[in-house]
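Just so it is clear, the structure is predicted and the values come from calculations on it, not from any experiment. Order of listing sets the numbers, starting from 1, for every ligand and every atom in it.
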Amino acid sequence: MAWLSQPILRFAPSPNGRLHLGHAYSALFTRRWAERMGGIFLLRIEDIDTARCKPEFTEAIFKDLNWLGLHWPEPAWRQSTRFDAYRSAADDLRKRNLLYPCFCTRAEIAGAAARTDPDGAPFYPGTCRNIGAAEATRRMGAGEPVQWRLNMDAATELAGPLAISEMHPDNGAIGERPADPARWGDVVLVRKDTPTSYHLSVVIDDSAQAISHVTRGRDLYAATDVHRLLQALFGLHSPVYCHHDLIADEDAAKLSKSRGSPTLADMREAGWTADAVRARLGFGPPS
Ligand code: GLU
């Protein structure tokens with residue numbers, strides 16, 4: 001395939017636990033597409049959640065990926081060093097009245113929601129949308145924890161209809177699909193516990209690193225709608241997206257840390273070689 005400039009792809013794990021087979025698949029999938037396109041494979045550490053992300057997990061990610069035969073230009077970006085960039089992006093939206101402060105707790109939202117978002121979480125009913133500047137200032141002044149939400153109606157109206165370039169995970173064919181960010185409602189862009197959110201930081205960094213192809217699991221397919229909207233609001237180029245199937249466990253459930261699936265470290269200790277792990281996932285030896 002010929003590209004006008006060198007493709008740049010990234011694997012972007014969150015260091016809140018050890019990597020398992022699903023991560024290995026996503027990393028190897030990304031490296032394979034980078035190789036096929038003559039592109040660059042980057043690693044980005046998504047450690048905005050400073051309570052759950054631990055430096056030892058980041059070190060373990062480096063070790064596990066190297067063990068699998070993966071290498072990347074050093075140093076890997078760490079999102080925890082980029083809070084200023086996310087703050088100024090949020091400020092930009094705030095100045096344009098596209099963000100509003102929200103004081104609701106999880107329990108309040110769960111109690112008030114009439115439906116769910118594409119992730120199955122309670123759909124935010126907009127409780128704080130019209131709270132008024134005076135009350136918001138008073139509550140923030142009183143130290144109430146605040147998160148900042150995107151005014152989805154205003155944002156989608158401003159952006160107009162949007163399309164996402166979606167690449168087929170096997171044959172690389174690229175098609176367009178309409179983005180439907182409204183199904184997420186007023187998403188949180190600045191969390192209570194950290195000065196950003198997954199949606200905000202991933203969009204800012206994919207642009208700052210000039211990522212041409214975002215390769216990741218199908219669990220993030222619907223989130224791309226929000227990312228496409230943010231790109232439009234910030235006037236950023238939208239990469240091609242490619243969502244691969246999730247690796248299933250023996251019982252066909254999604255591999256996850258919470259379910260206690262074996263980590264790559266567990267597998268290594270149990271005698272698995274990197275070649276055997278790669279082969280189990282359908283990848284050959286490193287080139
Ligand atoms: N950090 C995210 C995760 O570990 C992935 C983000 C992405 O690839 O866009 O699930």
Could you tell me whether some N/O pair between Tyr198 and ligand 1 is separated by less than 3.5 angstrom?
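Between Tyr198 and ligand 1 (N or O atoms, distance only) the closest approach is under 3.5 Å.
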Under 3.5 Å: N/O of Val214 near N/O of ligand 1:
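So ligand 1 has no N or O lying under 3.5 Å from an N or O of Val214.
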Would the number of heavy atoms belonging to other residues, nucleotides or ligands and lying under 6.0 Å from CD of Glu74 be above 12?
yes
Any heavy atom of Arg10 closer to ligand 1 than 4.0 angstrom?
yes
Atoms of ligand 1 close to [X] [distance to a heavy atom under 4.0 angstrom, numbered from 1]:
| X | value |
| --- | --- |
| Val202 | 9 (O) |
| Glu46 | 1 (N), 2 (C), 5 (C), 6 (C) |
| Arg216 | 7 (C), 8 (O), 9 (O) |

Check [Y] with [X], please: is the shortest side-chain N to carboxylate O separation under 4.0 Å?
| X | Y | value |
| --- | --- | --- |
| Asp225 | Arg228 | no |
| Asp91 | Lys95 | no |
| Glu59 | Lys63 | no |

Ligand 1 versus Phe11, non-hydrogen atoms closer than 4.0 Å: side chain, backbone, both, neither?
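Neither; nothing of Phe11 gets under 4.0 Å from ligand 1.
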Salt bridge (charged side-chain N to carboxylate O under 4.0 Å, His left out), that's the test. Do Asp266 and Arg18 meet it? Break it down for me.
CA-CA 10 Å; Asp266 294 335; Arg18 297 297 304 253; over 6 Å; no
From CA spacing to verdict: ring pair (Phe, Tyr, Trp, His ring centres under 6.0 Å), Phe29, His243
CA-CA 10 Å; Phe29 177 91; His243 296 93; over 10 Å; no
